[in-house]
Amino acid sequence: MLDAVVVGAGFSGLYTLHRLRDTLGMSVRVFEAGDDVGGTWYWNRYPGARCDSESYFYSFSDRFSKDLLQEWSWSERFAGQPEILSYLRHVADEWDLRKDISFSTRVTGAAYDEAANTWTVTTDGGDEVTARFLITAVGCLSAANWPEFPGRERFTGGQYHTGLWPHEGVDFTGKRVAVIGTGATAVQAIPEIAQQAAQVYVLQRTPNYCIAGGNGPLNPEYVSQVKSDYPEIWRSTRETGFGFPYCVPELTAFDVDDQERRSRYESAWQSGGFRVGVAFDGLLYDAEANETASEFIREKIRERIHDPAVAELLTPRDHPFFTKRPPLENGYYDAFNRENVTLVDARAAPIQEITPTGVRTAEAEYKVDAIVYATGFDAMTGTLFRMGITGRDGVALEEKWAEGPRTYLGLATHGFPNLFTITGPQSPSVLSNMVVSIEQHADWIADCLAHLAEHGHDRIEALADAEDAWGEHHYAVTSETLLPRANSWWVGANIPGKPRNLYPYVGGVGMYKRICDEVAAQGYDGFRLGRGGATASRGVAVAKAAEIVANPSHPSCRLPEVQVLA
Ligand code: N01
């Protein structure tokens, strides 16, 4: 029997394998559906795919290897998919991780056996292994969402989902292409596709607040400055709200006059990336303050688009800024000034069917040779449900979470002993720099497993009361924000019938880490360790969570001024 099965070999699976195998000496098997490491970066190979978090802190930190931080140099401010994949391959090779990974192997079932206190994991390759612990490292965005448009199977051209892009690439030269969706993925892909294709129809249902990315090759002096500042940079990523080393001022948008406000937005905008989202404190909480940021971005859109009617259609008005994930754009708005790009309003005239030769909306048929589905994912729970996880008494995870996720800290769920979900629902996950959250979770789990071993326990289970308390806390923190106001995938609105909840935790990375650390410091408060009788506990630490969140700290942060080469 293995000590642990880990599912997934992206950032989180690789880091977890390293922590459990190399620092705890556990026997671990990783199952990975792809034929190589990479996770998200293995599957999402669409044109223009790159990371919207800056490369120098979207990578393993000093918790993983200080040497790697000095040795590896990223070529661009926001790394492209091929470079991130090379990085993960390099890590897998250098740390000899592949020998414990079964590639091209999808987990099809994982059942907890109460009497034996084991997990039995089955795969599509016919494997059946048992392990004491099961750790899901499946990412948050891997179950592709194909909207059920009638007639999809009749289309005679190529159909591609961005999250399942052909490895050999797709040549759109001279082709007419429909792109469905205008989320972060489409915003990256459209400028690239427009350069190749004869004609691109972009079918937009909801416009987004796209932020200037400011990507480019990095100045070597900046790179060496970052490398020498790394200890400070990592400290601040772990303490800030979103896991980025960006300072949030204590000033709110109404603490300054109009001119000063505008100049602060402008300066954050020119710095690029998500900084404009933290130009002032409280933008996610105060609708009026948020509107100042929303309007600032609307103006930016109007400035970029030549045709005022197209500009208006691209202007978001139905949700506050940052209540849907804002895409970073590098040439997205310019694409709509091209002759070969047509914006189609799929809100006014929804897509009705896919015909053999194109896409028909309520208004017209767009005849195309290829359709790109940039339609996102059944996020956070989709992949977990697909794995066939059953806990005590054969209860399926999707049954337990039928009304929405019920977890303790987003890490564990009552009735599923010895199961941990890395960046699971109700943890900061997609509301953060993912690698920072992945490391925090994997470190916490590794420390927890070490604690169990030290105290002679082979079992840990979240208590129902603690889970309820975390759910209440999660809901309370969510309700303070503007996030429930948008129909985003963050609240499950993109999947028909999916329970509407805020899936990620919005209390912030720094505060969430303090709560998790408090739970551990209190002897894994809110969990039952070993097989003893259950002790009712709502979790002292969860009670403290409200206190922690009510008293936010303003961590200092330092990131050298980014210098991109022209
Ligand atoms: O998916 P999305 P995505 N008819 O769900 C539209 C991460 N990411 O793949 O908004 C017509 O955001 C849908 O319309 P609407 C990032 O976290 C990270 O773009 O629902 N349209 C929307 O426009 C991101 O948020 C990076 O009205 C339909 C689009 O499809 C997440 O991935 C890079 C439709 C889906 O947008 C998902 O982004 C890229 C229908 N029936 C992405 N159904 C990095 O930086 C859906 N749509 C790492």
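In what follows, residues are counted from 1 in the order of the sequence shown. Atoms within a ligand are numbered from 1 in the order they appear, just like the ligands themselves.
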Engineer: Is the shortest distance from a heavy atom of F149 to ligand 1 less than 4.0 Å?
Structural biologist: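 Contact present.
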
Engineer: Check each atom of ligand 1 against the heavy atoms of W489 and keep those under 4.0 Å away; list them by number with element.
Structural biologist: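 Close to W489: 2 (P), 5 (O), 12 (O), 17 (O), 24 (C), 25 (O), 31 (C), 37 (C).
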
Engineer: Between R325, M434, H319, flag the one that comes closest to atom 18 (C) of ligand 1 by a heavy atom.
Structural biologist: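 That would be R325.
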
Engineer: Identify the closest protein heavy atom to atom 27 (O) of ligand 1: which residue and atom is it, and at what distance?
Structural biologist: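 Of the protein heavy atoms, T206 OG1, 2.4 Å lies nearest.
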
Engineer: Which atoms of ligand 1 are found less than 4.0 Å from any heavy atom of Y46?
Structural biologist: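 Under 4.0 Å from Y46, ligand 1 has these atoms: 33 (C), 39 (C).
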
Engineer: So if I count the atoms of ligand 1 from 1 in the order they appear, which ones are less than 4.0 Å from some heavy atom of R347?
Structural biologist: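 Near R347, meaning under 4.0 Å from one of its heavy atoms, ligand 1 has 27 (O).
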
Engineer: Could you tell me whether P147 approaches ligand 1 through its side chain, its backbone, both or neither, with non-hydrogen atoms closer than 4.0 Å?
Structural biologist: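 Within the 4.0 Å criterion, P147 contacts ligand 1 through side-chain atoms alone.
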
Engineer: May I ask you to check whether Y160 and Y373 place their ring centres under 6.0 Å from each other?
Structural biologist: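 Y373 vs Y160: aromatic centres not under 6.0 Å.
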
Engineer: Is the Y505 ring parallel, tilted or perpendicular to the Y512 ring (thresholds 30°, 60°)?
Structural biologist: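 Aromatic pair Y505/Y512 classed tilted.
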
Engineer: Would you check if there is a donor-acceptor pair between the side chains of R238 and S61 at a distance under 3.5 Å?
Structural biologist: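 Side chains of S61 and R238: pair found under 3.5 Å.
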
Engineer: Without hydrogens or angle criteria, can the side chains of Y87 and S55 be said to hold a donor-acceptor pair below 3.5 Å?
Structural biologist: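 No, no side-chain donor-acceptor pair sits under 3.5 Å.
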
Engineer: Give a yes/no on ligand 1: does A346 have at least one heavy atom closer than 4.0 angstrom to it?
Structural biologist: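 It does not, in that no heavy atom of A346 comes within the 4.0 Å cut-off of ligand 1.
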
Engineer: Can you list the atoms of ligand 1 that are under 4.0 Å from a heavy atom of L141?
Structural biologist: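 Those atoms are 7 (C), 17 (O), 31 (C), 32 (O).
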
Engineer: Any idea which of G213, A374, P316 brings a heavy atom closest to atom 30 (O) of ligand 1?
Structural biologist: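 Checking each option, the heavy atom nearest atom 30 (O) of ligand 1 is found in A374.
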
Engineer: Under 6.0 Å between the ring centres of Y58 and F11?
Structural biologist: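 Yes, the ring of Y58 comes within the 6.0 Å limit of the ring of F11, centre to centre.
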
Engineer: Using heavy atoms and a 4.0 Å limit, tell me yes or no: is T182 in contact with ligand 1?
Structural biologist: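 Flag set, T182 near ligand 1.
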
Engineer: Quick check: does R205 get an N/O under 3.5 Å from an N/O on ligand 1?
Structural biologist: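 The answer is yes, given that R205 and ligand 1 share an N or O pair closer than 3.5 Å.
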
Engineer: If only side-chain N and O atoms count, and only distance matters, is there a donor-acceptor pair under 3.5 Å linking Q188 with Y46?
Structural biologist: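 Present: a donor and an acceptor within the cut-off.
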
Engineer: Taking the six-membered ring for Trp, is the centroid-to-centroid distance between F244 and F274 below 6.0 Å?
Structural biologist: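 Yes, close enough.
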
Engineer: Under a heavy-atom criterion of less than 4.0 Å, does Q204 contact ligand 1?
Structural biologist: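 Judged by the 4.0 Å heavy-atom criterion, Q204 does not count as contacting ligand 1.
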
Engineer: At less than 4.0 angstrom from any non-hydrogen atom of R50, what atoms of ligand 1 do you find?
Structural biologist: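 With R50 as reference, the close atoms of ligand 1 come out as 33 (C), 44 (C), 45 (O).
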
Engineer: What are the atoms of ligand 1, with element, lying closer than 4.0 Å to any heavy atom of W41?
Structural biologist: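 Listed by number with element: 48 (C).
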
Engineer: Of the choices K324, E148, H161, Q188, which has the non-hydrogen atom that lies closest to atom 33 (C) of ligand 1?
Structural biologist: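 Answer by nearest heavy atom: Q188.
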
Engineer: Do Y265 and W269 have ring centroids that are under 6.0 Å from one another?
Structural biologist: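 No; Y265 has its ring centre 6.0 Å or more from that of W269.
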
Engineer: Over 60° means perpendicular and under 30° means parallel, so classify the ring planes of W490 and F322, tilted if in between.
Structural biologist: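 Ring orientation, 0 to 90° scale: parallel.
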
Engineer: Would F377 count as a contact of ligand 1 if the rule is a heavy atom under 4.0 Å away?
Structural biologist: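 Yes.
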
Engineer: I need the atoms of ligand 1 closer than 4.0 Å to a non-hydrogen atom of D52, numbered in the order shown.
Structural biologist: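 Near D52, meaning under 4.0 Å from one of its heavy atoms, ligand 1 has 44 (C), 45 (O).
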
Engineer: Nearest to atom 9 (O) of ligand 1, what protein heavy atom do you find, and at what distance?
Structural biologist: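 That would be T185 OG1, 2.7 Å.
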
Engineer: If the cut-off is 4.0 Å to any non-hydrogen atom of G181, which atoms of ligand 1 fall inside it?
Structural biologist: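 Under 4.0 Å from G181, ligand 1 has these atoms: 6 (C), 23 (O), 29 (C), 30 (O).
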
Engineer: Does G139 offer a backbone N or O that forms a donor-acceptor pair with the side chain of T423 under 3.5 Å?
Structural biologist: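 Checking the backbone N and O of G139 against the side chain of T423, no donor-acceptor pair under 3.5 Å is found.
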
Engineer: Please write down residue, atom name and distance for the protein heavy atom closest to atom 1 (O) of ligand 1.
Structural biologist: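 It is G376 CA, 3.1 Å.
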
Engineer: Can you label the angle between the Y209 ring and the H319 ring as parallel, tilted or perpendicular, going by 30° and 60°?
Structural biologist: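 If you compare the ring of Y209 with that of H319, the planes turn out perpendicular.
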
Engineer: State, without any angle test, whether Y42 and D35 hold a side-chain donor-acceptor pair at a distance under 3.5 Å.
Structural biologist: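 On atom types as modelled, these side chains qualify, holding a pair under 3.5 Å.
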
Engineer: Look at atom 36 (O) of ligand 1 and say which protein heavy atom is nearest, naming residue and atom and giving the distance to 0.1 Å.
Structural biologist: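 Its nearest protein heavy-atom neighbour is G183 CA, 3.7 Å.
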
Engineer: State if T162 counts as touching ligand 1 under the rule of any non-hydrogen atom under 4.0 Å.
Structural biologist: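 In this structure, T162 fails to qualify as a contact of ligand 1 - no heavy atom is under 4.0 Å.
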
Engineer: How are the rings of Y246 and F57 set relative to one another: parallel (under 30°), tilted (30 to 60°) or perpendicular (over 60°)?
Structural biologist: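 Y246 and F57: perpendicular rings.
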
Engineer: Does the ring center of H474 lie less than 6.0 Å from the ring center of Y503?
Structural biologist: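 Here the rings of Y503 and H474 have centres that are no less than 6.0 Å from each other.
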
